Every structure is written in structure tokens, then in C-alpha cells.
**Q** 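Mind looking over this structure? Questions follow.
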Amino acid sequence: MLAGLNDAQRMAVEATQGPVLVLAGAGTGKTRVLTTRIAHILMNKLAWPGEILAVTFTNKAAREMAERVALLTGASQSLWQGTFHSIGARIIRRHAEKLGLTSSFTILDEDDQLRLIKAILIEQNIDGKSLPPKLFLSVIQRWKDQGLTPDKVTGGQDTQQVGGHALGVYRLYQARLKAVNATDFGDLILHMLTLFTQFPEVLEEFAKRFKYILVDEYQDTNVAQYLWLRLLASYHQNICCVGDDDQSIYSWRGAEVGNILRFERDFPDATVVKLECNYRSTPHILAAASSVIANNRGRLGKTLWTQVKEGEKLQLKSLWDETEEARFVGEEIEQLQRKGVSLKDIAILVRAGFQTRAFEERFLTLGVAYRVIGGLRFYERAEIRDAVAYLRLIASPQDDLAFERIINSPKRGIGQATMQQMHTSARSLNFSLYGATQHLLAGGEFKGKLGGALGKFIGDLGRWREKRDALNLAELTELMLEESGYRAMWQQEKTPEAAGRVENLKELVRAMGEFENLAAFLEHVSLVTEAANNDNNTDMVSLMTLHAAKGLEFDVVFLPGWEEGLFPHQRAVDESGMKGLEEERRLAYVGMTRARKRLFISHAANRRIYNQWQSSIPSRFIGEIPEEHMEKLGGGMHSAPRQAGRNWKDEVAAIMASAGASAKTATAAPRGSKNNFSKGQRIFHQKFGYGRIQAISGDHIDIDFEKAGQKKVLADFIALA
DNA sequence: CGTTTTTGCCTTTTT
DNA sequence: GGCAAAAACG
């Protein structure tokens, strides 16, 4: 089992006593170390499966780990294994009553959270226009990421946020969650901290149980998760964290790279192992990625090396716009296919979700099979969320959020006025909306059609609840969809998407067959947020965001959209300055190191964003790749706009958008790949206007712009004035 | 109360 | 240019 490991990997596996920090560069076999370590512990009988806690960030990583451990040990093991959140849900369910919840609590998604906050803002007479609910939610989430319950939030600027209302809203929000027997994602960690600190006997139970703790993607833990891990490790001290500070890309979600540095401080006797031998990429790819990330400061510093000798240089392509970029990628893919590369070994990694669109359109015309990973998720579709809300209401009548969601779909003639009446009654009686409605019905408050519809609704729910044990899940859902008239509602609608929705409902019923009971299904829905069709067997190109690509690898990787403003993303730079820029650079590093054999980077001079043409200069990250590792592909953007038969309307729009200046840039780009500019020349740039050349180094030209000041731009984007 | 029209926001990344 | 929420209308 240890045979195929290198020295460092073996050390990480065999250091079973005391805390271990594994700094694992990209492609250095960290998953292998983790799984082998678990197998090693099990086979040497250092612990039983139930005494091992293995935490990952994504469900995908969790599944992969389970599979690989099973493969190594020859049996599937009942470890405590999963994401921080799924383990949190499991532990909290066991002790729900200590936290003022029942074990059947629900886990809210972002939609529910926002609805809750909106309701609170209305109650509190806080203007949701100038202070959007989203802002409150993000402040609250940040607090939760830091392990702060409302009473732990200290004064100062923090409480001044969002017009000084943040803390008050946080308090009410937590109260409302408890009232509807619900938690949000952040609570799954936060409640565990509360549980462990307020009930030492519970902490003792778990701290003693987990003889070994393993943590994957440690660089992405937030403070709350870090505190939780420390509490759990306090007894046996056998905690092994694997991470890479260069791949920390979730600080916007509360992740603290500092947790890596903190680890050595809080566990002073920790064994630190560095994995630096890369088994994934060619030397050119590795060198290019290393050069880029070297521009970041405050790294722990690793030097990746590889034994591989051969390999192609990275390929850089400049293009006119996103359509051309998609066309280019499509052509390259077809060429690769002819060389025998299969589509499933190819990935296109983008900075932002909307970028996939151009590629999808192109692949559809070419007939290239593709799949978008992430994107719209099955359980986020309206019809699925509605159906789930019905089921939630069957499971727990006090779920007001579910009640509100479906009370009027299908239409039951309930509007604002009726809703208001229910709310008022619920609040004064301290009932749930369901209970209040029952009460109002009994009092004969609802007359005529309204009363009939509501009576049927309440009656239906009661009947379904009685039957929920007698029927299996699929049957129950089927019955509900039928009797509620929910499915009929979509069947009667003649919009193009209605048929798809009916299909989705069918798919939902089918998916339910895999679950034992309603509770198990509801937990799955709220915790497993990934796309439904994830079968890796079909031969398709993968399209996803850079974030979603973490942990994956492909023979061929395309990294399009390397433009200032998009990547690094303007917002990251605006909001977090140098820190934001460095995180973007880490994202670039993650993207580049996904490639095994070939890596293409491209940028477009123009891009349509919000239906407006915007031109941009190549990403600074391109300039950070040494020329000896990169090959510039010729052709492309210079002749593209005319020759390639692009949509005439688009061209007109492009010309109009670049206001007056475009006549020059759209048609007059008469250069080959070699530039023949010289110092002192007056030039024109589409974005920065007129300027004079200060210095030339290869294709990088320093220009003193009349309006925009000193800039370094690529020769491809300027023309003689 | 429900339907149609208009506005406004969006596109950073997600458990 | 697309989608959801608000506003206006019937």
C-alpha cells in the first residue's frame, strides 16, 4: 500500500501520532496521501472506522475519498466522512433539542434566507431599497463564518454596518430560524460550536470518539470551522490537515488562509510535510504556473518540480471578441479530436458563469458534445423547489417558509390581503401559518371560494401526512403532485418551458426512489447542491468555472477570457485591492495547474457584457508567464472581424459602441504578429485613446496615454494614429 | 385578485 | 439582453 509513495508522501501517511500539516502543491497527490493515511490507520488497527473523522469541502471530494478508501481497504467503511456541513447536520440532529430545535429541522437555501430577512426588514420598518436584504445576509454570514453568535458580536464598526441595523436583524433572524425549526448553512457549523462550548459532555463524547481527524482543502476553512476542528482535536490531538496556500480561492466566503499559519502556532509540535513533486503537468505548464504565482507575496513558498521531461509550450491566442474566441476553441478541439484526444479529457475553465454561453452556442453548431458543470442546479429550479416545499410542509407543518412558497401555487385565490390576515393571526396566537390557517378556517373566517380552497389545502396536507408512512416516497410525491393540482397547473400552461417543468417533476419522482424516507431526502436536497447528471463516462467537453475546477485535472485545458476586468475580475480588485488581486492570481494558478498536457490561454479584445460592447487589454497574468514557456498563435483577431463572416449587426453594434474611434480599429489593423512600432510614435488604443510610445519590449509596449496615463499594453491592441 | 407591462438589476466565485 | 419583482391595469 505504501509502495508507490514518495518519501514525503510516506511521511505524511505514517506520521500517525500528533498533529500533522501537509502542504501539498497542485498535483502532488494529496488525495492519495489522505486516502492512504486512512487505510493505513485502519489496517494497523489504530482506530475503528467510526473513530475516524474525514472532512472535505465538496460532496464530490467526499464521494471520491470514500470510493478510494473502499478500494484500498477492500470494503466500504463507515467512517465519519463528508463535508463540514453534512457532518454538522448529522451532529446537530443528534442534539437538536439542546439548541432549541427538533431533530427534523430543515436547512434553508439562499432564497429562503432572503425571504426571511425581507420579512424582518418589513416588520422593523427598515427600507429594503436602500439597504438590500442581500447586504444583511452577507454581513450575517460573515459573522457566522467567524463563529460569532449575535451575543458574541462585539461593538465597533461591525455593528454599524447596514445602517446600524445589522446586529438587530441578525438577532431576529436567528430567532425566526428557531421558530420555524430551521438552520442555514452557516448555522450547521455555528451550532456545533455552541453545542460544544455550552455542553462540555457533548464535546467530550465527540473529542474522545475521533481518534483521527483528517481535513482536505484546509486552506479554505473559515474561522468557525477552524475552531470546531480545534475543539474536536483537543483530546487526541491527532489531526492531519492537507492544504495549499496557493490554492486558497474562497476568502470571499470567509475562508482564512491564515488558518494554515495558525496551525503551526496552535499546534507547536506539529509535523509539517511539504509535497512538492508534481505528478500531473508538463514542465512548461508547471513553470508557467509557478512564475505567475511567484508574483504573490506572503506565500509559504513551495517549489514544485516534475520528473517529466517532455511537453508542449503553453499556447496563447489573441482574438477579436468572444465569438471568435469560441470559434478558436472549437477549432482546436476538433483538431485534438482528430489526433485522438477524447472530449472528456478536455475542459474549458472560465472566470464567470456567463462566459460559458458563447462556447455553448458554438459547440451546438459544431455538434461538439459538452456539459456545463455547476450552472443551474436541479434542486434550484422553481418547480422542484415548490414540490420540495410541499414535502417539507408534510414533514413539518410549522415550516412557514414552505407554506408561504406554495400556498398560492397552484392558484388558490390567496393574495396580499389574505396573507396579511394569516400572518396577523399567527403572530397573535403564536401559531405557525399552517396552524393559524386551521384556526381561522375553524372560526369560519374564510368564506366562499377562498374557504373551499383553503379547506382543501389543509385537508390535503393532513391526509398526506397520515399516509406518509404507508407509502414510499415516490408514491407520496406522486399522490401529492396529483391531488394538489400542482402538476396539472404546469400541464395546462402552454409556454415552451412548461413541458420541461413537467419532465423535471417526473425526474424528481424518479430520484426519490433512492431515499429511505422523507427526512433523508430533504437533507439530501439541502446539502447536495451539485448538478444532477455527473456521469463521467460520456465523452463530453467539460465547461465550468475556475472555482468548480478545483481538485480536478484534464489532459487539455482552455483558459479563455484572460482580460483585465474579467480576470482579474474588476470587482475583486475594487473590493479587496491587493488581497483581491492575489486571490485572482491564485485562481489563475489553480486553472493552469489543472492541465496535464496542453494548456491554451486566450483573450478577446472586445466582449459583450450586458449587451454592451466593452474592449479590454490582456490580463496582467499573461505578462507574468515567461516567454520561453509560451507560444503565441498567429492569425486571429487582425483579420477576424471581416473575413470570418460574423454577424453584420454585431459588427455595426461594435462600431457604434466604440464611438467614433472604431473606424480605425475595426478596419485598420494591418499588422502581422510581429509589431513594427518604434519609440516616440503616436498611437491609438481602443480603450485608452491616444498616447505616445515610451518603450518596447517584444510585444509589450509602454505607452503614455493622454487621458489614461502610463500603461503597458500588447502591440496587438494599438494602431498608429 | 389576477394578468400584463414596466422597471431594474444583473455577471464573480459556492457549501 | 434576460429575468424577476414591482407597478399598473382590468
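Naming: A, B, ... by sequence-line order, numbering from 1 per chain. What you see is a predicted model, and the numbers here were worked out from it, not measured in a lab.
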**Q** Taking CZ from A/Arg607 and P from B/dC10, how many angstroms apart are they, rounded to a whole number?
**A**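 My rounded result for the distance is 20 Å.
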**Q** Closer to the 5' end of DNA chain B via nearest nucleotide, is it A/Met419 or A/Phe354?
**A**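 Per heavy-atom nearest nucleotide, the more 5' residue is A/Met419.
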**Q** With sequence neighbours excluded, tell me which residues meet side chain to side chain contact (heavy atoms under 4.5 Å, CB included) with A/Ala488.
**A**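 So A/Ala488 forms a side chain to side chain contact (heavy atoms under 4.5 Å, CB included) with A/Gln491, A/Gln492.
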**Q** For A/Glu503, give me all partners under side chain to side chain contact (heavy atoms under 4.5 Å, CB included), at least two apart in sequence or on another chain.
**A**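 Checked A/Glu503 against side chain to side chain contact (heavy atoms under 4.5 Å, CB included); matches are A/Lys506.
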**Q** With a cut-off of less than 4.0 Å, is there a side-chain N or O of A/Ser86 near OP1 or OP2 of B/dT15?
**A**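 For B/dT15, OP1/OP2 do not have a side-chain N/O of A/Ser86 under 4.0 Å.
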**Q** Got a sec, which residues hit side chain to side chain contact (heavy atoms under 4.5 Å, CB included) with A/Gln247, two or more places apart in sequence or on another chain?
**A**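 For A/Gln247, the residues satisfying side chain to side chain contact (heavy atoms under 4.5 Å, CB included) (neighbours in sequence not counted) are A/Ala26, A/Gln219, A/Asp244, A/Lys550, A/Tyr589, A/Val590, A/Arg594.
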**Q** Residues two or more places apart in sequence or in another chain: which of them pass side chain to side chain donor-acceptor pair (under 3.5 Å) with A/Ser484?
**A**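 Not a single residue meets the side chain to side chain donor-acceptor pair (under 3.5 Å) criterion with A/Ser484.
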**Q** Table please: side-chain donor-acceptor pairs of residues 221-228 of chain A below 3.5 Å, with sequence neighbours left out.
**A**
residue  : atom : partner  : partner atom : Å
A/Thr221 : OG1  : A/Tyr218 : O            : 2.8
A/Thr221 : OG1  : A/Asn259 : ND2          : 3.0
A/Asn222 : OD1  : A/Ala224 : N            : 3.1
A/Asn222 : OD1  : A/Gln225 : N            : 2.8
A/Asn222 : ND2  : A/Asp145 : OD1          : 3.4
A/Gln225 : OE1  : A/Asn222 : N            : 2.8
A/Tyr226 : OH   : A/Asp266 : OD2          : 2.2

**Q** Taking atom P of C/dG1 as reference, at what distance in whole Å does atom CD of A/Glu361 sit?
**A**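 Distance, rounded to whole Å: 11 Å.
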**Q** Output yes when A/Arg357 and A/Glu322 qualify as a salt bridge under the 4.0 Å nitrogen-oxygen rule, no when they do not.
**A**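 Answer for the salt bridge query: no.
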**Q** Sequence neighbours left out, what passes side chain to side chain contact (heavy atoms under 4.5 Å, CB included) with A/Ala66? Give chain and number order.
**A**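 With sequence neighbours excluded, A/Ala66 shows a side chain to side chain contact (heavy atoms under 4.5 Å, CB included) to A/Gln81, given in chain and number order.
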**Q** Would you mind reading off the distance between A/Arg608 atom CZ and B/dC10 atom P, rounded to a whole angstrom?
**A**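 Spelled out: CZ on A/Arg608 to P on B/dC10 is 20 Å.
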**Q** I need the CG-P distance between A/Leu581 and B/dT13, as an integer number of Å.
**A**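 Computing the A/Leu581:CG to B/dT13:P distance gives 19 Å.
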**Q** Under 4.0 Å from any atom of DNA chain B, heavy atoms only: list the residues of residues 241-255 of chain A that qualify, in numerical order.
**A**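 Residues of residues 241-255 of chain A under 4.0 Å from DNA chain B: A/Tyr250, A/Trp252, A/Arg253.
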**Q** List in chain and number order the residues that pass side chain to side chain donor-acceptor pair (under 3.5 Å) with A/Arg299, two or more places apart in sequence or in another chain; answer none if no residue qualifies.
**A**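 A/Arg299: side chain to side chain donor-acceptor pair (under 3.5 Å) contacts with A/Asp246.
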**Q** If you check every side-chain atom of A/Lys134, which of B/dT11, B/dT13, B/dT15 has the closest atom?
**A**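 So the nucleotide nearest the side chain must be B/dT11.
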**Q** Using atom CZ of A/Phe567 as one end and atom C1' of B/dT13 as the other, report the distance to the nearest whole Å.
**A**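 It is 11 Å, rounded to the nearest whole Å.
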**Q** Test of understanding: with side chain to side chain donor-acceptor pair (under 3.5 Å), list the residues that count as partners of A/Arg93, not counting sequence neighbours.
**A**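 Only A/Glu523 meet the side chain to side chain donor-acceptor pair (under 3.5 Å) criterion with A/Arg93.
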**Q** Could you tell me whether the phosphate oxygens of B/dT14, OP1 or OP2, come under 4.0 Å of any side-chain nitrogen or oxygen in A/Thr545?
**A**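 For B/dT14, OP1/OP2 do have a side-chain N/O of A/Thr545 under 4.0 Å.
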**Q** Which protein N or O atoms sit under 3.5 Å from an N or O of nucleotides 2-8 of chain B?
**A**
residue : atom : partner  : partner atom : Å
B/dG2   : OP1  : A/Gly413 : N            : 3.1

**Q** Take atom NZ of A/Lys550 and atom P of B/dT13, then tell me their distance rounded to the nearest Å.
**A**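 Rounding to the nearest Å, NZ of A/Lys550 and P of B/dT13 are 16 Å apart.
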**Q** Describe, in one word, how the ring planes of A/Phe206 and A/Trp80 are oriented to each other, choosing from parallel (under 30°), tilted (30 to 60°) and perpendicular (over 60°).
**A**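 Correct class here is perpendicular.
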**Q** What pairs with A/Asp399 under side chain to side chain donor-acceptor pair (under 3.5 Å), at least two apart in sequence or on another chain?
**A**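 Side chain to side chain donor-acceptor pair (under 3.5 Å) check on A/Asp399 returns A/Arg392.
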**Q** Answer with base, sugar-phosphate or nothing: what part of the nucleic acid does A/Gln225 contact at a heavy-atom distance below 4.0 Å?
**A**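 A/Gln225: no heavy atom of the nucleic acid under 4.0 Å.
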**Q** Measure CE/A/Met544 against C1'/B/dT14 and give the value in whole Å, please.
**A**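 Rounded to the whole Å, the gap is 15 Å.
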**Q** What is the distance, to the nearest angstrom, from the CD atom on A/Gln614 to the P atom on C/dG1?
**A**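 Result: 18 Å.
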**Q** In terms of side-chain heavy atoms of A/His547, which of B/dT15, B/dC1, B/dT13 is nearest?
**A**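 So the nucleotide nearest the side chain must be B/dT13.
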**Q** Count the heavy atoms of every other residue, nucleotide or ligand shown that sit under 6.0 Å from NZ of A/Lys134, and state whether that count exceeds 12.
**A**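 Atom NZ in A/Lys134 is not crowded, with 12 or fewer foreign heavy atoms closer than 6.0 Å.
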**Q** Identify the stems formed by DNA chain B, where each pair is Watson-Crick or G-U wobble with both distances under 3.5 angstrom and a stem is at least 3 consecutive pairs.
**A**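 The stems are B:1-9 with C:2-10.
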